[in-house]
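One structure is given here, and the rest of the page talks about it.
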Amino acid sequence: MSIRRTTKSRRAVAAASMAAVLTLVVTGCGGDDGGKAEDSGSSSSAKPSGEDKGAGDDTAAGDQVDPNAKLAEVKGQGGLTFVIKQVKRDSGGFLTVQGEIKNEGDQSKNTAGWAGSESAVVAKNPNSVAGATLVDKVGKKRYYVLRDTDSNCLCTTGILPLQPGKATPVFMQFPAPPETSTEVDFTLPTFATASLKISG
């Protein structure tokens, strides 16, 4: 009898210990992230890239952009068109630009030029929109796409060559200009400059 009781007791203790461990694991996985920025998950093409650790809302998580919105449309080289759909201040002092680049030409277009000319950034973010800039004419200041300490941009990366008739959604995050600045000039390499109103 004593051996059976001992075995039952050990089983009960083991079950209770296992339940406690599972509770801790579940609590750890589902808990608060401590206010860390969400992963902006801008994958290869459509959404914000897999390496993009978004500082605020983006196309992967946060505001959904109206697919029919059009704040501006700028022409690029070889039949490319960039339709800018949203320019919005995010919590934490960021400004996110979202839009869609379309290939209206009849040949596939390489996207490498959009990453800009900074060698460290281009090396870490090939085929991205890391070369975009904003100019606040009122504050006389230029803003570059945000990067982390490893030079990964907070923008769409890994964009595949754009086939004729195809489009790819893109996003990029910048430090937000002061609240007094309500309009900025936006430039992406190989595209014309556009004046954009800031919302939010």
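In this text, all values refer to a predicted model and were calculated from it rather than measured experimentally.
Looking at Ser199, its side chain does come within 3.5 Å of a backbone N or O of Val87 through a donor-acceptor pair. With hydrogens and angles ignored, the 3.5 Å screen pairs no side-chain donor or acceptor of Asn152 with any backbone N or O of Asp148. Proximity of a side-chain donor or acceptor of Asn125 to a complementary backbone N or O of Cys153 within less than 3.5 Å is detected. Between the side chain of Thr111 and the main chain of Ile159, a donor-acceptor pair closer than 3.5 Å is present. With hydrogens and angles ignored, the 3.5 Å screen pairs no side-chain donor or acceptor of Arg89 with any backbone N or O of Thr96. Between the side chain of Thr156 and the backbone N or O of Ser128 there is no donor-acceptor pair closer than 3.5 Å.
Counting heavy atoms of neighbouring residues, nucleotides and ligands inside a 6.0 Å radius, atom OH of Tyr143 exceeds 12 of them.
The shortest heavy-atom contact between Leu95 and Pro177 is CD1-CD, 3.8 Å. When all heavy atoms of Val145 and Met172 are compared, the closest pair comes out as CG2-CB, 4.0 Å. Residues Ala194 and Ala72 share a closest heavy-atom pair of CB-CB, 4.2 Å.
Distance check: Gln98 CD to Lys85 NZ gives 10.0 Å after rounding to the nearest 0.5 Å. Expressed to the nearest 0.5 Å, how far CG of Leu134 lies from OH of Tyr144 amounts to 11.0 Å. Here Leu154 contributes atom CG and Phe174 contributes atom CZ; the two are 10.5 Å apart, rounded to the nearest 0.5 Å. Expressed to the nearest 0.5 Å, how far NZ of Lys88 lies from CG of Leu71 amounts to 12.0 Å. Here the OG-NZ distance, from Ser108 to Lys166, works out to 12.0 Å after rounding to the nearest 0.5 Å. Note that the OG1 atom of Thr168 and the CZ atom of Phe82 stand 10.0 Å from one another [nearest 0.5 Å].
Side chains of Leu80 and Phe191 form a contact here, defined as non-hydrogen atoms less than 4.5 Å apart. In this structure, Asn127 and Leu160 have side chains that are not in contact, with every pair of non-hydrogen atoms separated by 4.5 Å or more.
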(request) Mind running side chain to side chain donor-acceptor pair (under 3.5 Å) on Thr190 and Trp114 for me, showing each step along the way? (result) CA-CA 7 Å; Thr190 77; Trp114 306 340; 3.2 Å; yes
(request) Test Val135 against Val184 for side-chain contact (heavy atoms from CB on, under 4.5 Å), laying out the working first. (result) CA-CA 5 Å; Val135 174; Val184 288; over 6 Å; no
(message) If you apply the rule side-chain contact (heavy atoms from CB on, under 4.5 Å), what do you find for Phe186 with Ile84, and how did you get there?
(response) CA-CA 10 Å; Phe186 170 85; Ile84 299 165; 3.8 Å; yes
(request) Please report the C-alpha distance between Thr81 and Val74 in whole Å, then the side-chain angles of each, then the deciding distance to 0.1 Å, and finally whether the side-chain contact (heavy atoms from CB on, under 4.5 Å) criterion is met. (result) CA-CA 6 Å; Thr81 301; Val74 290; over 6 Å; no
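Applying the side-chain hydrogen bond (donor to acceptor under 3.5 Å, both in side chains) test to Asn103 and every residue at least two apart in sequence or in another chain returns nothing.
Using modelled atom types and a 3.5 Å distance limit, the side chains of Asp136 and Ser181 yield a donor-acceptor pair.
Val122 and Val170 fall into different hydrophobic clusters, where Ile, Leu, Val, Met, Phe, Trp and Tyr side chains are chained together by heavy-atom contacts under 4.5 Å.
Using a cut-off of 4.0 Å between Lys/Arg side-chain N and Asp/Glu carboxylate O, Lys75 and Glu104 are scored as salt-bridged. A salt bridge between Arg147 and Glu118 is present, with a side-chain N of the basic residue lying under 4.0 Å from a carboxylate O of the acidic one. Looking at Lys137 and Asp185, a side-chain N of the basic residue comes within less than 4.0 Å of a carboxylate O on the acidic one, giving a salt bridge.
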